[in-house]
Peer 1: 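Got a structure for you, written out below as structure tokens; questions coming shortly.
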Amino acid sequence: MAEVYVRVAEEENEEPMEIPSEDDGTVLLSTVSAQFPGACGLRFRSPVSQCMRGVRIVEGVLHAPETGWGNMVYVVNYPKDNKRKMEEIDASSAVKMKRGDMKTSDLIVLGLPWKTTEQDLKDYFSTFGEVIMVQVKRDGRSGNSKGFGFVRFTEYESQEKVIAQRHMIDGRWCDCKFPNSKQGPDEPLRSRKVFVGRCTEDMTTDELRQFFMQYGEVTDVFIPKPFRAFAFVTFADDQVAQSLCGEDLIIKGVSVHISNAEPKHGNRQFDRTGRFGNGFGTVSFCTFLKKTRHWKLLTVLGNFIILYIFLHSGSRTSPFSFCKSN
DNA sequence: GTTGAGCGTT
């Protein structure tokens with residue numbers, strides 16, 4: 001098929017812009033959104049029914065109506081425009097709906113221009129729906145952007161749209177993805193305690209307790225001192241704890257990340273015996289040491305103790321004679 | 001003051 005230009009405009013009666021189609025006659029959504037940032041589709045007024053019709057779109061590829069693109073003016077769809085339409089689309093793809101859990105999570109935004117600010121991000125992404133969190137990651141000293149950031153939407157639909165396409169932000173193509181920190185659906189561990197990462201210093205135990213109460217009874221909140229940007233929250237019900245694992249929750253405007261309190265390679269067999277509790281038992285203590293990088297220190301200390309024993313073994317009958325009382 | 005694939009002061 002010869003190259004065809006499709007006439008696209010923001011509104012029906014506005015001056016259209018000609019958008020190039022692909023060799024197969026389709027039009028890529030990315031081509032449209034390059035000119036109309038935030039676009040999620042096209043619609044047109046049917047000459048027959050005089051009703052607005054949506055252009056078929058499959059995985060970011062727009063397909064011409066049966067009669068071809070023609071000379072009609074196609075109007076850009078934005079996610080905000082018509083929520084009812086979004087729900088219809090969701091209902092028609094019920095299979096996909098069941099698969100997803102419909103919960104929003106932080107998305108990483110890769111490829112940001114150095115100059116892009118959080119306000120820029122918020123302005124851009126608000127065209128997809130309500131934005132509840134944006135971050136631009138910066139170097140602590142210089143304040144320079146690291147070229148990536150995070151965004152979180154209220155609506156799951158907004159998130160879906162944003163992931164599905166590339167984004168032209170301040171002149172650069174950016175990608176939005178699930179961050180690596182989001183653990184997939186692996187086998188659940190049965191701890192009642194969760195690890196709360198990315199805490200800020202102003203979060204108190206009371207505030208954390210108040211916040212997590214909404215999910216279930218909280219039996220303990222532990223914040224290490226001095227400040228180390230994480231906390232432990234223990235629930236009465238392990239199912240509550242597990243249901244939160246992998247989630248990004250927003251506390252006082254800060255996105256914290258919930259994960260299992262036990263490490264993945266942890267010594268699970270001891271837990272199952274019930275001989276070690278979930279509080280400050282031996283296993284948990286070792287886990288804590290490993291997580292906080294004190295493990296190596298302890299190992300070094302142990303080596304020194306062994307060295308001490310051997311150095312003093314010459315004057316005694318046994319290397320362990322210092323253990324004896326007489 | 002520089003850069004351009006990545007992953008959030010655990």
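Naming: A, B, ... by sequence-line order, numbering from 1 per chain.
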Peer 1: Does atom NZ of A/K252 have more than 12 heavy-atom neighbours from other groups under 6.0 Å away?
Peer 2: yes
Peer 1: Got a sec, which residues hit side-chain contact (heavy atoms from CB on, under 4.5 Å) with A/K137, two or more places apart in sequence or on another chain?
Peer 2: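 Listed in chain order: A/Q135, A/K146, A/F148, A/F150.
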Peer 1: When all nucleic acid strands are considered with a 4.0 Å heavy-atom cut-off, which category describes A/L107: base, sugar-phosphate, or nothing?
Peer 2: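 Counting heavy atoms under 4.0 Å across all strands, no contact is made by A/L107.
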Peer 1: For the base of B/dG8 and the side-chain ring of A/F150, does the geometry meet a stacking cutoff of under 5.5 Å between centres and under 30° between planes?
Peer 2: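 According to the criterion (under 5.5 Å, under 30°), yes, A/F150 stacks.
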Peer 1: Using the ring of each side chain (for Trp, its six-membered ring), is A/F212 parallel, tilted or perpendicular to A/Y215, with breaks at 30° and 60°?
Peer 2: tilted
Peer 1: Rounded to whole Å, how long is the line connecting atom NZ of A/K115 with atom P of B/dG1?
Peer 2: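 It is 17 Å, rounded to the nearest whole Å.
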Peer 1: Are any of A/K146's side-chain N or O atoms less than 4.0 Å away from OP1 or OP2 of B/dT3?
Peer 2: no
Peer 1: With nearest nucleotide decided by heavy atoms, which residue, A/R172 or A/K137, maps closer to the 5′ end of DNA chain B?
Peer 2: A/R172
Peer 1: Map A/S142 and A/I108 onto DNA chain B by nearest heavy atom, then report which one ends up closer to the 5' terminus.
Peer 2: A/S142
Peer 1: In whole angstrom, what separates A/I251's CD1 from B/dG8's P?
Peer 2: 19 Å
Peer 1: I need the CG-C1' distance between A/N180 and B/dC7, as an integer number of Å.
Peer 2: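 Distance, rounded to whole Å: 5 Å.
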Peer 1: Within this structure, what is the CG-to-C1' distance between A/L249 and B/dG8, rounded to whole angstrom?
Peer 2: 15 Å
Peer 1: Would you mind telling me which of B/dT10, B/dG6, B/dT9 lies closest to the side-chain atoms of A/F227?
Peer 2: B/dT9
Peer 1: Does the side chain to side chain contact (heavy atoms under 4.5 Å, CB included) test come out yes or no for A/V27 and A/I19, once each step is laid out?
Peer 2: CA-CA 8 Å; A/V27 168; A/I19 303 272; 4.2 Å; yes
Peer 1: The side chain of A/K177 lies closest to which of these nucleotides: B/dC7, B/dG8, B/dT2?
Peer 2: B/dC7
Peer 1: Nearest to the side chain of A/W114 - B/dG4, B/dT10, B/dC7?
Peer 2: B/dG4
Peer 1: What's the CD1-P distance between A/I169 and B/dG4, to the nearest Å?
Peer 2: 20 Å
Peer 1: Between atom CZ in A/R166 and atom C1' in B/dA5, what is the gap in whole Å?
Peer 2: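 Taking atom C1' of B/dA5 as the reference, CZ of A/R166 is at 13 Å.
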Peer 1: Specify the separation, in whole Å, of atom CG of A/D106 and atom C1' of B/dC7.
Peer 2: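 Whole-Å distance recorded here is 12 Å.
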Peer 1: Starting at atom CG of A/L110, determine the distance to atom C1' of B/dT3, rounded to an integer number of angstrom.
Peer 2: 14 Å
Peer 1: Out of curiosity, does A/V136 fall in the hydrophobic cluster containing A/F153 (side-chain heavy atoms, cut-off under 4.5 Å, transitive links)?
Peer 2: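 Both belong to a single hydrophobic cluster.
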